[in-house]
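First comes the structure, then the notes that go with it.
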Protein chains: 2
Amino acid sequence: MTSRKVISFENIKVACKNCSLATLCLPMGLTPDDVERLDGIIKRGRPYHRGDHLYRGGDKFHSLRVITSGSVKTYSPNEDGGEQVLGFHLPGELIGLDAIQDDNHTCSAIALETTAVCEIPFSQLESLSCIMPSLQHQMYRLLSREIGQETEMLTLLGKKSAEERLATFLLSFSERFKQRGFSASDFFLSMSRHEIGNYLGLAVETVSRLFTRFQDENLLHVERKHVQLLNIPRLYDIVQADSAKSSQSRI
Amino acid sequence: MTSRKVISFENIKVACKNCSLATLCLPMGLTPDDVERLDGIIKRGRPYHRGDHLYRGGDKFHSLRVITSGSVKTYSPNEDGGEQVLGFHLPGELIGLDAIQDDNHTCSAIALETTAVCEIPFSQLESLSCIMPSLQHQMYRLLSREIGQETEMLTLLGKKSAEERLATFLLSFSERFKQRGFSASDFFLSMSRHEIGNYLGLAVETVSRLFTRFQDENLLHVERKHVQLLNIPRLYDIVQADSAKSSQSRI
DNA sequence: AGACTTTCTTGATGCGGATCAAGTCATTTT
DNA sequence: AAAATGACTTGATCCGCATCAAGAAAGTCT
């Protein structure tokens, strides 16, 4: 808020150029000078606690946000109080892209645990991207990547079996944790079974049964939120094999 | 291809400023001068015939395309020859946004009937958007809108019944035809039942049965590709009512 | 026109996963 | 520590839609 530059531990810590997430978020591919300018418009706020909303559907849109620690669930509330979980977001991931459209958030975002974010005021980002072609390019790529990811989700929800859905889900987390320097085979899921089910288009009970089944088959060990993948190749097989089976879609 | 400017009926006909689709595609919100410049980079090719590919997954990406007449199906081919239909696109709609990501098309696009398109070389569009903030803004909005639309599809595939899916599908076409100045209640669908089913995550037989059922209930009259909606409000009820029922997703 | 192919429809059957119901375990409250 | 609450699991049952099968209608080829 204040424009005076105060040297503090926090300011140093959160500068984009020192951020370990830079390769995942916007600064990717920018020159040091560019990063400096981008850094100038980014705001760091107080952390959110479990259950706090980062924004809600209908809120005025002003900033994109990059998760820097913790995790976030985005969901689209429908009329009746129900919801569709749209995604689970880890550090380095950008959320709010869907709100550019008409300056209002169309979905909601809620912290699944203690979570810190960088806020990027969109109008400033837009101005900056006008004078920084590489930033503009990066923005286009990010928006396009988001579209590609949702496309994969469409295939998952349209064609895949419950087993495949959960395997895909687990491998997605495995890969993303690995990218971030954590174990690909031993991690904690911050969301509930219910939220997983909602995301994957399955009932809670089905998710629970699948975890049990996967454990019985020695594919993983699970105890509440703690998951250890014991046979990652086999999980990839499940994702592949069943999608080969579902040739129902040949036209 | 040739750089000589030849005055021809075609050239006149297809200028952006005279295009009836301008309010649906990129020129929306641009000044006449801006439209002129945009017009300068747009290419119009020979029309595609039914079954022709506009591009295939894996093709090098160079241009976004706006449908100007006809209709196009986009789909994501999966390993085994099956496919997930991603969308059906009408005049004024922009396709190829998913390919910006890594300079390659991730999905394929095929003409469902005789179809004309404008090609917009992306690198030129990008340069232009650097010097035309309103174009840049429009691009961000379009990309964001695409994300929002896919989000709605996720809810459809994740939570809705077969009946709701088909009603949603029909109303989507009804609205889009209306926007384009055609009848909202009497139109031809250019895709097969199989393609509709694939898109909606349903078997062909289910789609066929639902058409029959809707007809029996006097919601519509259907004869092969020709659809007449007889009770649009009731179709909206179906979309709403069932989504109120499915409160399974409350967390 | 006749043969063939493809698309669509309709009926019969079966299965995957939802729903219902109850119990277990963990966490929070008092 | 006991009670209450919420998250997860497990079992029983049910239903929506996929699948299988066959026929009808439309489009294509010769």
Side-chain angles (χ1 to χ4, degrees), chain A residues 49-51 73 82 84-85 112-113 156-167 169 188-216 220-227 238 241-243 245-251, chain B residues 49-51 73 82 84-85 112-113 156-167 169 188-216 220-227 238 241-243 245-251:
Chain A
H49 297 106
R50 175 176 176 74
K73 171 183 85 173
Q84 167 71 42
V85 174
L112 290 169
E113 60 193 304
L156 182 133
L157 293 176
K159 301 274 177 296
K160 297 196 177 179
S161 69
E163 196 177 42
E164 278 179 277
R165 294 184 197 193
L166 189 63
F169 173 82
F188 284 79
L189 295 172
S190 55
M191 74 296 296
S192 70
R193 297 286 191 271
H194 200 133
E195 288 167 321
I196 296 173
N198 185 307
Y199 176 61
L200 296 176
L202 300 172
V204 205
E205 295 93 328
T206 304
V207 174
S208 183
R209 275 185 252 271
L210 283 170
F211 269 120
T212 308
R213 171 136 58 102
F214 282 175
Q215 182 160 250
D216 290 348
L220 51 76
H221 179 76
V222 60
E223 195 182 343
R224 294 186 68 74
K225 314 241 165 200
H226 185 195
V227 177
I238 289 177
D242 290 3
S243 71
K245 229 172 34 185
S246 80
S247 45
Q248 61 130 253
S249 39
R250 210 161 295 146
I251 290 184
Chain B
H49 298 106
R50 175 175 176 75
K73 170 182 85 170
Q84 167 70 42
V85 174
L112 291 169
E113 60 193 305
L156 182 132
L157 292 175
K159 302 272 178 296
K160 297 196 177 179
S161 68
E163 195 177 43
E164 279 179 276
R165 292 184 198 193
L166 188 64
F169 172 82
F188 284 79
L189 295 173
S190 55
M191 73 297 297
S192 70
R193 299 284 191 272
H194 201 134
E195 290 167 320
I196 297 174
N198 186 307
Y199 176 60
L200 297 176
L202 301 171
V204 205
E205 295 94 328
T206 305
V207 174
S208 183
R209 274 185 253 270
L210 283 170
F211 269 119
T212 307
R213 171 136 59 101
F214 282 175
Q215 182 160 251
D216 290 347
L220 51 77
H221 179 76
V222 61
E223 194 182 344
R224 296 192 62 78
K225 315 241 165 202
H226 184 195
V227 177
I238 289 176
D242 290 3
S243 71
K245 231 173 30 186
S246 81
S247 43
Q248 62 128 257
S249 40
R250 213 161 289 146
I251 292 185

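Computation of the quantities below employed the complete heavy-atom set of this structure, encompassing side-chain atoms and omitting hydrogens, waters and symmetry-equivalent molecules. Chain A is the first sequence line, chain B the second, and so forth, proteins listed ahead of strands; every chain is numbered from 1. Remember, it's a predicted structure, so these values are computed and weren't measured experimentally.
The separation between B/Leu210 atom CG and C/dT10 atom C1' is 13 Å, rounded to whole Å. Separating the CD atom of B/Glu163 from the P atom of D/dC17 is a distance of 8 Å, rounded to the nearest angstrom. Atom pair A/Glu195:CD and D/dG6:P shows a separation of 15 Å (rounding to whole Å applied). Protein atom CZ of B/Arg193 is 6 Å distant from nucleotide atom P of C/dC8, rounded to whole Å. Between A/His226 atom NE2 and D/dC8 atom C1' there is a gap of 17 Å when expressed in whole angstrom units. Taking atom NZ of A/Lys225 as the reference point, atom C1' of D/dT9 lies 15 Å away to the nearest angstrom. Remark: C1' of C/dT9 and NE2 of B/His194 are 15 Å apart, rounded to the nearest angstrom. A straight line from CD of A/Glu223 to P of C/dC25 spans 12 Å, rounded to a whole angstrom.
Closest contact between the side chain of A/Ser208 and the listed nucleotides C/dG17, D/dT9, D/dA7 involves D/dT9. Nearest to the side chain of B/Arg224, among C/dG17, D/dA18, D/dG27, sits D/dG27. Closest approach to the B/Ala162 side chain among D/dC17, D/dA18, C/dG17 is made by D/dC17 (side chain taken as heavy atoms from C-beta onward).
Of the inter-residue distances, the one linking A/Ser208 atom OG with A/Leu202 atom CG reads 12.0 Å to the nearest 0.5 angstrom.
Not counting sequence neighbours, the partners of A/His226 by the ring pair (Phe, Tyr, Trp, His ring centres under 6.0 Å) test are A/Phe188.
An OP1 or OP2 oxygen of D/dA18 is reached within less than 4.0 angstrom by a side-chain nitrogen or oxygen of B/Thr206.
Of all the heavy atoms in B/Tyr199 and B/Leu157, the pair that sits closest is O-CD2, 4.1 Å.
Among the heavy atoms of the strands lying under 4.0 Å from A/Arg209 is at least one base atom, whether or not backbone atoms are also near.
In terms of position on DNA chain C, the residue among B/Thr212 and A/Arg165 whose nearest nucleotide sits closer to the 5' end is B/Thr212.
Of the candidates A/Leu189, A/Val207, A/Leu156, A/Leu189 is the only one forming a side chain to side chain contact (heavy atoms under 4.5 Å, CB included) with A/Phe169.
Proximity of A/Phe214 to A/Val222: side-chain heavy atoms (C-beta onward) are nowhere separated by under 4.5 Å.
Put simply, the side chain of B/Glu205 and the base of C/dC8 share no donor and acceptor less than 3.5 Å apart.
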